[in-house]
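Working notes for the structure below.
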Protein chains: 2
Amino acid sequence: MNFLIEPKNRLKTLSNVEKKKHLLKRRIVRYLYFHGPKSAAEISKKLKSSIPTISSIINELLSLDVIIEQGQGNSSGGRRPNLYGLQDDVFYILGIDIGWFTTKIAIFNTKLESVSEFINHPLLLKDDNRLIHEIYDLANKLIDKSGIDRNKLIGVGIDMPGLIDAEKGINYTYFYDEENTLAKRFEDLFELPVFIENDANARTLAEYRYGLAKGTKNTLVLHVGWGVGLGMIINKELYRGSSGFAGEFSHIPLVENGLLCKCGKQGCLETVASGTALVRLAKEGIHQGKHSTLSEKIEKGQELIPKTIIEAANEGDQFAISIIAKVGFELGKGIAALIQLFNPELIILGGRVAEANQYLLTPIEQALNHYSIPKLRNQSKIKISKLGTNANILGAVAMVSENIFEK
Amino acid sequence: MNFLIEPKNRLKTLSNVEKKKHLLKRRIVRYLYFHGPKSAAEISKKLKSSIPTISSIINELLSLDVIIEQGQGNSSGGRRPNLYGLQDDVFYILGIDIGWFTTKIAIFNTKLESVSEFINHPLLLKDDNRLIHEIYDLANKLIDKSGIDRNKLIGVGIDMPGLIDAEKGINYTYFYDEENTLAKRFEDLFELPVFIENDANARTLAEYRYGLAKGTKNTLVLHVGWGVGLGMIINKELYRGSSGFAGEFSHIPLVENGLLCKCGKQGCLETVASGTALVRLAKEGIHQGKHSTLSEKIEKGQELIPKTIIEAANEGDQFAISIIAKVGFELGKGIAALIQLFNPELIILGGRVAEANQYLLTPIEQALNHYSIPKLRNQSKIKISKLGTNANILGAVAMVSENIFEK
DNA sequence: AACACTTTTTAAAAATTTTTATTAAGTTTT
DNA sequence: AAAACTTAATAAAAATTTTTAAAAAGTGTT
């Protein structure tokens with residue numbers, strides 16, 4: 001698969017026609033990667049080249065074992081077309097999801113199946129360079145163990161928290177270095193293209209490629225955990241802003257003279273509409289002697305985290321339900337703003353707090369009815385994510401394919 | 001210029017190669033239209049076709065009088081290239097800017113010069129179908145008077161207030177008709193392609209094509225008049241949202257338990273950060289006996305409109321300056337939210353209220369320092385528009401070219 | 001001012017792509 | 001179940017584009 005990963009240096013020596021052919025090859029592989037098995041006719045139409053041209057490249061890819069015949073397609077009266085699909089093992093992508101407390105690592109094939117052990121390693125994220133090597137060592141051993149051909153590994157996708165400029169490969173919050181960027185340091189270790197992206201954006205990409213946002217044009221993805229993360233698909237692309245920092249929804253000023261946020265500013269959305277706010281409300285309520293199973297849980301030594309409150313609500317705890325409603329209403333206010341600004345067709349809610357499902361959705365809808373223009377509000381559907389906890393690492397993998405197949 | 005305006009029907013009869021050639025022709029015209037005179041080599045590189053191919057099409061366009069040689073370009077040691085530019089009069093675009101009180105109409109050539117009388121007609125915008133015919137009659141007479149060849153008129157661009165779906169050509173606020181859309185009705189009259197767009201978006205497009213946003217990738221354009229209009233350039237394109245309603249910045253909920261807005265909701269940004277808010281604050285102040293030249297002006301029978309207050313401020317009236325500062329600070333809060341969500345490289349302020357220049361900018365900057373993350377805030381420049389009152393009609397014209405030259 | 005070096009333009013040759021035609025393989029209708 | 005109709009794949013012919021080469025037109029330096 002060298003035609004996929006080492007273009008920039010070698011491409012310069014190619015003539016114009018060779019470049020074009022090379023491009024067409026990549027576009028076919030890309031098309032099959034993202035859309036599954038297709039017929040020559042379909043590829044020809046989509047890629048705007050004649051069938052003989054496509055046919056000759058297909059034969060080439062066939063002999064290179066990049067693609068295989070995968071049965072026949074349907075016909076509405078006429079010969080049935082051969083379907084060509086990517087081989088499962090033409091290339092692999094290494095995904096790394098660095099969280100605050102855990103780092104996940106796995107290798108995926110072209111069908112997005114994990115073909116290795118799935119590492120789930122406790123690792124406290126801190127700004128210490130030794131972490132980079134620790135993660136590399138884990139990944140490296142994983143590759144060895146998996147027994148896959150290293151030449152078939154085409155790239156590494158990493159997602160993590162922080163203010164990240166994906167284009168430059170810099171994380172301004174962790175491991176900051178303007179020259180020897182984080183991406184570069186990993187590239188030096190892996191000797192492979194490495195792409196770094198902020199976790200919210202990774203999840204958003206995952207929703208777009210494999211989740212509810214598939215096929216949509218303008219979608220917002222909210223992740224409600226301790227804070228509120230926002231990622232945006234705009235015009236069928238992940239929108240990063242001019243320096244990669246777009247989507248700082250958690251810290252927009254929405255409350256007048258509000259509480260001090262951990263970011264140092266006052267009245268951020270996060271102070272009233274997040275897991276943080278939920279825990280604060282719970283503590284305040286219990287302090288005031290509100291009747292709730294939460295008090296018992298705390299006495300049993302359980303920590304008060306958003307998850308605990310969500311579980312209490314799902315077990316019917318009225319107090320928990322009421323504070324979720326409060327948080328939901330405030331979040332709804334924020335979403336109302338988003339709807340008016342972006343006019344998205346879909347808003348996806350994910351994260352721990354979103355597991356409260358209807359307890360969260362109902363107050364959000366209420367707030368939307370209050371705070372947004374009906375004509376606009378009706379254009380946006382709101383759904384709860386179905387991607388689960390592996391959304392991040394899938395997004396990291398998606399990033400690699402997006403970048404490898406770039407135009 | 002029929003190859004520019006009547007494609008869809010006739011294109012179907014063309015073979016694939018003819019289509020491709022046709023497309024290349026259009027792309028060359030488009031390139032020259034948007035970027036001015038260029039050499040064959042530049043066109044070849046930009047459009048990724050070989051020089052002989054481009055050369056043959058250039059000769060064809062030359063003999064059709066679509067383009068002309070326009071002197072020679074510079075060389076860094078070598079023969080100097082011939083520059084080819086579009087003829088001034090290959091085609092014309094009719095622009096119509098429908099405001100609440102005035103409608104402007106003019107015809108523009110490829111150099112964006114007005115080649116007709118510039119109609120500035122008092123016309124109260126109301127939901128009355130007779131208006132459509134009135135506007136058509138005015139435009140029609142203008143075309144006659146101008147003496148230009150009707151065959152060279154390639155389209156009509158209209159901008160106006162309201163909730164507009166530009167793709168469908170429907171204005172949901174005025175002249176609403178799902179079937180017989182507004183665009184269609186004008187098309188039936190003009191017998192030309194007609195494009196309708198919301199005024200904020202038209203201004204934004206004008207800034208992008210001919211104003212401060214030229215060459216930027218992600219820019220927000222705010223228009224502060226009675227309300228606050230927002231238009232967005234995202235990834236070098238006008239962003240309209242999934243149904244064309246994006247950018248309703250004026251009515252995002254930013255004030256808790258705030259005033260009732262004219263839109264029916266409570267606490268909209270518009271109630272505290274707009275010309276409307278400015279006038280309200282002025283009235284309240286004068287009522288409370290605040291010392292100001294504004295009281296005198298009112299006694300003289302002048303109407304209290306934003307313009308009056310801005311003028312007072314620019315003449316040094318301290319009260320006017322103070323209320324502009326108040327409005328500016330609130331607007332700044334809203335802009336802080338925009339910066340965090342969009343991370344734009346540029347924000348352009350236009351409209352009557354923006355004419356207060358530094359009196360408005362300073363409090364905005366203050367609010368930004370308060371309410372946005374420094375790392376993000378520093379990525380966005382804020383500038384006052386230089387386009388003046390014709391921004392709208394220029395944007396309407398730009399829309400036509402954008403659409404005519406679509407991919 | 002002549003020579004060496006660049007870059008554009010034109011022309012002819014080479015290569016590639018598209019078109020057209022033909023054969024193969026299925027579907028649907030009678 | 002056969003005939004008529006569709007659609008796919010393949011092959012040869014036609015057309016177009018790109019490449020290569022050479023001439024034309026400048027620029028800059030010795």
Side-chain angles (χ1 to χ4, degrees), chain A residues 3 10-28 31-32 35-63 67-85, chain B residues 3 10-28 31-32 35-63 67-85:
Chain A
F3 77 84
R10 207 167 293 190
L11 264 180
K12 277 181 189 164
T13 64
L14 267 58
S15 73
N16 243 335
V17 258
E18 284 174 309
K19 271 187 207 163
K20 275 191 179 172
K21 189 166 186 181
H22 180 265
L23 189 70
L24 196 51
K25 239 188 237 176
R26 285 172 65 124
R27 295 215 299 148
I28 291 176
Y31 185 52
L32 297 179
H35 302 275
K38 296 281 177 230
S39 70
E42 280 173 293
I43 298 173
S44 153
K45 202 178 277 176
K46 196 77 182 181
L47 269 50
K48 279 162 192 169
S49 283
S50 71
I51 293 179
T53 305
I54 295 295
S55 215
S56 87
I57 294 185
I58 281 180
N59 286 330
E60 206 176 314
L61 292 174
L62 230 32
S63 68
I67 61 176
I68 40 165
E69 281 194 22
Q70 292 200 323
Q72 299 188 121
N74 289 325
S75 161
S76 54
R79 179 170 169 179
R80 297 169 69 184
N82 282 336
L83 257 31
Y84 303 95
Chain B
F3 76 85
R10 207 168 291 191
L11 265 181
K12 276 180 190 162
T13 63
L14 266 58
S15 75
N16 243 336
V17 259
E18 284 174 310
K19 272 187 207 163
K20 278 192 178 171
K21 188 165 185 180
H22 181 265
L23 188 70
L24 196 51
K25 237 188 238 176
R26 285 172 64 126
R27 295 215 297 148
I28 291 176
Y31 184 53
L32 297 180
H35 301 275
K38 294 282 178 229
S39 70
E42 281 175 292
I43 298 173
S44 155
K45 201 177 279 176
K46 197 77 182 183
L47 270 49
K48 280 164 191 167
S49 284
S50 70
I51 293 179
T53 306
I54 296 296
S55 213
S56 89
I57 295 184
I58 281 180
N59 286 329
E60 207 176 312
L61 292 174
L62 231 32
S63 69
I67 59 176
I68 40 164
E69 282 192 22
Q70 291 198 326
Q72 298 188 121
N74 289 326
S75 161
S76 55
R79 180 169 168 178
R80 298 167 70 182
N82 280 336
L83 258 32
Y84 302 96

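Please read all numbers here as calculations on a predicted model, not as lab measurements. Just so it is clear: chains get the letters A, B, ... in the order the sequence lines come, proteins before strands, and each one is counted from 1.
Between the CD1 atom of Ile58(A) and the P atom of dT10(D) there is a distance of 10 Å, given to the nearest Å. Atom CG of Asn59(A) and atom C1' of dA8(D) are 14 Å apart (whole Å). In this structure, Leu47(A) places its CG atom 16 Å from C1' of dT18(C), rounding to the nearest Å. One interatomic measurement links the two molecules: NZ of Lys25(B) to C1' of dT16(D), which rounds to 15 Å at whole-angstrom precision. Distance Ile54(A) CD1 to dT19(C) P: 13 Å, rounded to the nearest Å. For Ile43(B) and dT8(C), the CD1 to P distance is 12 Å, given to the nearest whole Å. Distance, Lys38(B) NZ to dT8(C) C1': 17 Å, rounded to whole Å. To the nearest angstrom, P of dT18(D) lies 14 Å from CG of Leu23(A).
Taking Glu60(B) as the reference, Lys21(B), Lys25(B) meet the salt bridge (Lys or Arg N to Asp or Glu O under 4.0 Å) condition, with sequence neighbours excluded. The ring-ring contact (aromatic ring centres under 6.0 Å, His included) test applied to Tyr31(A) returns His35(A), not counting sequence neighbours. Residues passing the side chain to side chain contact (heavy atoms under 4.5 Å, CB included) test with Arg80(A) are Gln72(A), Asn74(A), Ser75(A), sequence neighbours excluded.
Using a distance-only test at 3.5 Å, with no hydrogens or angles considered, a donor-acceptor pair links the side chain of Ser44(B) to the main chain of Ser49(B).
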Side chains of residues 51-58 of chain A: which donor-acceptor pairs under 3.5 Å do they make with residues two or more places apart or in other chains?
from, atom 1, to, atom 2, distance (Å)
Thr53(A), OG1, Ser50(A), OG, 3.0
Ser56(A), OG, Thr53(A), O, 3.1

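OP1 and OP2 of dT17(C) both lie 4.0 Å or more from every side-chain N or O belonging to Lys21(A). Considering only side-chain N and O atoms, Asn82(B) lies nowhere under 4.0 angstrom from the phosphate OP1 or OP2 of dT8(C). The side chain of Lys20(B) places an N or O atom within less than 4.0 Å of a non-bridging phosphate oxygen (OP1 or OP2) of dT18(C).
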TODO: Spell out protein contact along nucleotides 23-29 of chain D as letters: B when the base is contacted, S when just the sugar-phosphate is, - when no protein heavy atom is under 4.0 Å; keep the 5' to 3' order.
DONE: -BBBS--
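Ranking dT18(C), dT19(D), dA9(D) by closeness to the Pro52(B) side chain, first place goes to dT19(D). Listed candidates were dA9(D), dT18(D), dT9(C). Nearest to the side chain of Ala40(A) is dA9(D).
Taking the nucleotide of DNA chain C with the nearest heavy atom to each of Thr53(A) and Ile51(B), the more 5' of the two is matched to Ile51(B).
Annotation: side chain of Lys46(A) is not in contact with side chain of Ile43(A) (no heavy-atom distance under 4.5 Å).
Here the closest non-hydrogen pair linking Ile67(A) and Tyr84(A) is CD1-CB, 4.1 Å.
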